[in-house]
2 protein chains.
Amino acid sequence: MAKTKAASLADDLVHRFEEQIEKGGMPPGSRFPSEKAVTQDFGVSRTVVREAFARLAARGLLVSRRGSGAYVAEDARYRAFQVTPDEVAEIEDVLELLEMRMGFEVEMADLAARRRSDADLAEIRRALAAMDASTDVDTSVAADAAFHAAIARATGNDYYLRFTDFLGVRLVPSRRLYLQGSDARSHQHYSQVINKDHEAIYAAIEAGDPAAARRAARRHMQKSIARYQDLKQSGRLLRRPLG
Amino acid sequence: MAKTKAASLADDLVHRFEEQIEKGGMPPGSRFPSEKAVTQDFGVSRTVVREAFARLAARGLLVSRRGSGAYVAEDARYRAFQVTPDEVAEIEDVLELLEMRMGFEVEMADLAARRRSDADLAEIRRALAAMDASTDVDTSVAADAAFHAAIARATGNDYYLRFTDFLGVRLVPSRRLYLQGSDARSHQHYSQVINKDHEAIYAAIEAGDPAAARRAARRHMQKSIARYQDLKQSGRLLRRPLG
DNA sequence: TCAATAAGGTTGTAAGACAACTTTCGTCCG
DNA sequence: CGGACGAAAGTTGTCTTACAACCTTATTGA
């Protein structure tokens with residue numbers, strides 16, 4: 001009976017139904033109790049029920065059909081792919097995410113080499129130039145992200161772009177920590193090393209050579225992973241500061 | 001993207017605000033217009049506004065504070081990578097997702113070849129056998145998923161496993177539709193062709209040959225994409241039946 | 001100046017009503 | 001007996017009004 005206090009009545013309902021679905025009490029495709037039934041069973045107003053249902057629907061656990069009822073979504077058991085910020089606190093996680101990113105980056109380079117438009121090329125070049133001109137950590141990190149986003153856009157596959165954004169955001173904080181301690185000179189050196197990789201990728205994409213693009217992207221990511229592995233062995237831990 | 005008319009007023013509101021947040025018009029931490037203001041601006045009732053807000057909150061884009069107002073979530077950009085079921089309704093989307101999957105299947109094969117344990121190998125073999133023995137669509141689709149999941153597990157990278165699960169689930173319905181019309185013989189033929197690819201991947205992983213594993217995985221995915229492209233050209237559309 | 005207080009704004013919840021739609025079931029006709 | 005039709009009930013979508021709980025800000029008073 002120990003009830004975790006819910007911030008709101010709708011919260012409580014959401015948690016209850018969520019649990020029940022997860023436990024298998026309500027299999028996919030089965031019907032929810034009607035809104036009215038819930039108001040009676042739980043003693044809350046229909047406003048609350050509707051809000052709870054809306055939130056379940058937003059998470060993809062429930063679909064409601066006007067005039068018919070609400071149903072447990074067919075693929076309710078599987079949630080969105082999610083990576084919470086505190087998962088990226090440990091350097092091992094960063095390494096795993098980078099590993100995952102490797103596959104995508106390689107394939108994106110391939111596709112970009114096949115499909116890039118002139119506008120895509122121009123955008124990639126802009127990002128290269130911005131990285132080259134960067135003097136502080138923030139702008140160089142931003143330029144790096146822009147470079148990879150431009151490639152993702154050049155693939156013409158929106159999912160690649162979305163996932164690049166998604167992963168990019170996760171990895172930026174750790175990247176920033178990685179660079180933070182370094183002075184201006186070593187940072188510039190770091191930027192130049194990376195941009196050399198980037199230029200190789202760009203050249204292959206511009207030339208329309210998928211295999212070369214794959215190789216260049218793979219090398220780039222491997223180096224990036226190796227850097228983090230060194231960091232790991234040197235015993236430096238990543239701990240996110242608050243804020 | 002051609003804007004389809006929103007199924008409900010709340011849908012419309014959600015999309016509008018989502019877009020505005022994404023475009024940067026409402027930076028993290030900034031205040032939303034009050035519920036009352038929205039009702040006046042858009043000419044809808046507060047019920048609709050509350051429902052829209054509830055859904056935005058469920059997605060982590062908005063937090064509302066009683067008595068104070070609603071605010072754009074501080075980590076709004078951290079929201080999950082999400083692929084909603086209706087996005088996979090069109091065959092073009094399936095193709096794009098397959099393209100995305102290609103990159104990381106290749107990389108998974110590489111890593112699996114380097115890191116697989118004996119237990120991993122055994123699990124992959126089991127999936128191969130199950131696919132070989134399958135006679136109906138459901139079991140063959142399940143065996144296929146198990147095969148790729150086993151490889152994902154062999155990489156030792158949990159993110160790969162999670163993402164494989166995630167994508168696999170999205171693609172299964174269309175896969176099922178793809179196979180549905182076929183008779184037992186053509187289905188068996190299909191299974192055998194696929195499993196031959198699988199065996200090549202397995203052989204490379206067992207031999208511990210990353211480059212060969214990459215090649216085999218790439219071939220496998222390319223063929224899969226080609227099959228769907230044929231389907232696309234033949235004009236067959238994928239339309240999800242109501243669940 | 002500063003703290004207590006009052007006023008107004010905002011979200012959370014309740015309740016009732018109607019519209020739009022779906023499902024079910026009974027009726028009537030062939 | 002069977003099937004088409006339609007009425008009726010059930011359900012979600014939306015609107016409206018009302019109040020409670022809470023926060024913010026301005027006012028007031030010492």
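The structure presented is a predicted model; accordingly, all values stated were derived computationally and were not measured. Chain letters run A, B, ... following the sequence lines, proteins first, then strands; residues in each count from 1. Note that these values count all heavy atoms, side chains included, but never hydrogens, waters or copies made by symmetry.
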Start with the C-alpha distance between A/His148 and A/Asp144, add both sets of side-chain angles, then the distance that settles side chain to side chain donor-acceptor pair (under 3.5 Å), and finish with yes or no. CA-CA 7 Å; A/His148 290 289; A/Asp144 190 353; 3.3 Å; yes
Kindly determine whether B/Phe163 and B/Phe104 satisfy side chain to side chain contact (heavy atoms under 4.5 Å, CB included), including the steps that lead there. CA-CA 9 Å; B/Phe163 198 72; B/Phe104 83 107; 3.4 Å; yes
Can you list the steps and then say if B/Lys36 with B/Arg46 is a side chain to side chain contact (heavy atoms under 4.5 Å, CB included)? CA-CA 7 Å; B/Lys36 191 175 180 185; B/Arg46 206 178 145 212; over 6 Å; no
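B/Ser45 has a side-chain polar atom (N or O) that falls below the 4.0 Å cut-off from OP1 or OP2 of D/dC15. Regarding contacts with the backbone of C/dG12, a side-chain N or O of B/Arg50 is found under 4.0 angstrom from either OP1 or OP2.
Counting to the nearest Å, the P atom of C/dT11 and the CD atom of B/Glu51 are 16 Å from each other. Counting to the nearest Å, the P atom of C/dT13 and the CZ atom of A/Phe42 are 15 Å from each other. Atom CD in B/Glu35 sits about 15 Å away from atom P in D/dT16, given to the nearest Å. Rounded to an integer number of Å, the gap from CD of A/Gln40 to C1' of D/dT11 is 13 Å. Between the C1' atom of D/dT12 and the CZ atom of A/Phe53 lies a distance of 10 Å, rounded to the nearest Å. Nucleotide D/dG13 holds its P atom 16 Å from the NZ atom of A/Lys36, rounded to whole Å. Computed from coordinates, the B/Arg31 CZ to C/dG9 P distance equals 12 Å when rounded to whole Å. As a whole-Å value, the separation of B/Asp12 CG from D/dG13 C1' is 15 Å.
The side chain of B/Leu9 lies closest to D/dT14, out of D/dT14, C/dG12, C/dT13. The side chain of A/Ser34 sits closest to D/dT11 out of D/dT11, C/dT11, D/dC15.
Within the 4.5 Å cutoff, the side chain of B/Ile194 has heavy atoms near those of the B/Arg227 side chain. Contact of the A/Leu13 side chain with the A/Glu51 side chain is not registered, since no non-hydrogen atoms from C-beta on lie closer than 4.5 Å. The shortest side-chain heavy-atom distance between A/Val38 and A/Phe17 falls under the 4.5 Å cut-off. You'll find the side chain of B/Val72 stays beyond 4.5 Å of the side chain of B/Pro27, heavy atoms only.
Residue-level contact check: B/Thr47 touches the bases, meaning some heavy atom is under 4.0 Å from a base atom.
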Listing time: all N or O pairs from protein to nucleotides 18-22 of chain C that are below 3.5 Å?
| unit_1 | atom_1 | unit_2 | atom_2 | d |
| --- | --- | --- | --- | --- |
| C/dA20 | O4' | A/Arg66 | NH2 | 3.1 |
| C/dT22 | O4' | A/Gly67 | O | 3.3 |

